[in-house]
Amino acid sequence: GRNSLFIAERGFKVTAIDIDKDKIKVLKEKSKDLGLNVNIILGDIKKKKFPSESFDVIISNAVLHFFNRGDISNIIKEMKLMTKKMGLML
């Protein structure tokens with residue numbers, strides 16, 4: 001949420017995904033109040049797939065600790081596929 005707004009305020013194109021409906025609602029309200037265009041998705045990162053090389057940077061903040069090792073491994077593999085060549089995963 002906050003990181004998405006911070007990055008969008010600096011002019012970057014941002015996609016945010018969260019499984020929590022309440023957090024999504026708050027993020028939508030705040031982005032609207034600030035006049036920011038953030039692509040906000042309600043979804044599960046284990047199930048949501050994006051095309052290969054969709055993002056220059058992927059930031060996973062306070063997310064992976066909710067999953068078991070197998071899920072973490074799969075999520076990181078998917079993140080690597082979604083990150084553009086020479087992109088960053090943080």
Side-chain angles (χ1 to χ4, degrees):
R2 281 185 305 224
N3 290 333
S4 300
L5 297 175
F6 178 82
I7 294 165
E9 285 177 317
R10 277 132 188 90
F12 293 96
K13 183 178 174 184
V14 175
T15 297
I17 184 169
D18 201 305
I19 198 165
D20 186 318
K21 289 186 282 189
D22 295 329
K23 288 181 182 178
I24 289 291
K25 181 181 176 190
V26 169
L27 182 56
K28 284 182 178 182
E29 291 170 358
K30 287 184 178 183
S31 64
K32 182 180 178 185
D33 291 345
L34 294 169
L36 298 172
N37 184 18
V38 178
N39 180 23
I40 302 169
I41 300 168
L42 174 64
D44 183 342
I45 62 170
K46 291 190 309 183
K47 297 176 183 173
K48 180 67 180 163
K49 304 294 183 200
F50 292 93
S52 294
E53 298 189 33
S54 294
F55 303 103
D56 294 303
V57 179
I58 294 180
I59 300 171
S60 174
N61 185 33
V63 174
L64 295 178
H65 65 279
F66 289 108
F67 299 100
N68 64 46
R69 287 184 185 182
D71 287 340
I72 291 171
S73 179
N74 291 333
I75 291 166
I76 290 172
K77 286 177 189 174
E78 281 298 314
M79 288 171 55
K80 286 172 75 174
L81 290 173
M82 293 184 287
T83 306
K84 291 180 182 177
K85 287 179 177 41
M86 302 304 293
L88 296 172
M89 287 177 22
L90 306 172

Can I get a per-line list of side-chain donor-acceptor pairs under 3.5 Å for residues 2-9, giving both atom names and the distance, sequence neighbours left out?
none

Requested in this report: Each residue besides M89 in its hydrophobic cluster should be listed here, by chain and number; the cluster joins Ile, Leu, Val, Met, Phe, Trp and Tyr at side-chain heavy-atom distances under 4.5 Å.
Outcome: I17, I41, I45, F50, F55, I58, V63, L64, F66, F67, I72, I75, I76, M79, M82

Query raised in the report: Would one find more than 12 heavy atoms of other residues, nucleotides or ligands at under 6.0 Å from atom CG of D44?
Result: yes

Requested in this report: Please write out which residues are connected to L81 in a hydrophobic cluster, directly or through intermediates, given that two of Ile, Leu, Val, Met, Phe, Trp, Tyr count as joined at side-chain heavy-atom separations below 4.5 angstrom.
Outcome: none

Under 3.5 Å, which donor-acceptor pairs link side chains of residues 21-31 to any protein atom two or more places apart or in another chain?
unit_1, atom_1, unit_2, atom_2, d
S31, OG, L27, O, 3.1
S31, OG, K28, O, 3.1

Report task. Kindly compute the distance separating CG (N74) from CZ (R69), expressed to the nearest 0.5 Å. Result -> 14.5 Å

Query raised in the report: Closest heavy-atom contact between K84 and E53?
Result: CG-O, 3.2 Å

Report summary line: So the ring pair (Phe, Tyr, Trp, His ring centres under 6.0 Å) pairs with at least one residue in residues 71-90 (sequence neighbours excluded) are none

Query raised in the report: Among all residues two or more places apart in sequence or in another chain, which pass the salt bridge (Lys or Arg N to Asp or Glu O under 4.0 Å) test with D71?
Result: K46

Requested in this report: Can you measure from NZ (K47) to CD1 (I19) and round to the nearest 0.5 angstrom?
Outcome: 7.0 Å

Query raised in the report: From I59 CD1 over to L90 CG, what is the distance, rounded to the nearest 0.5 angstrom?
Result: 5.5 Å

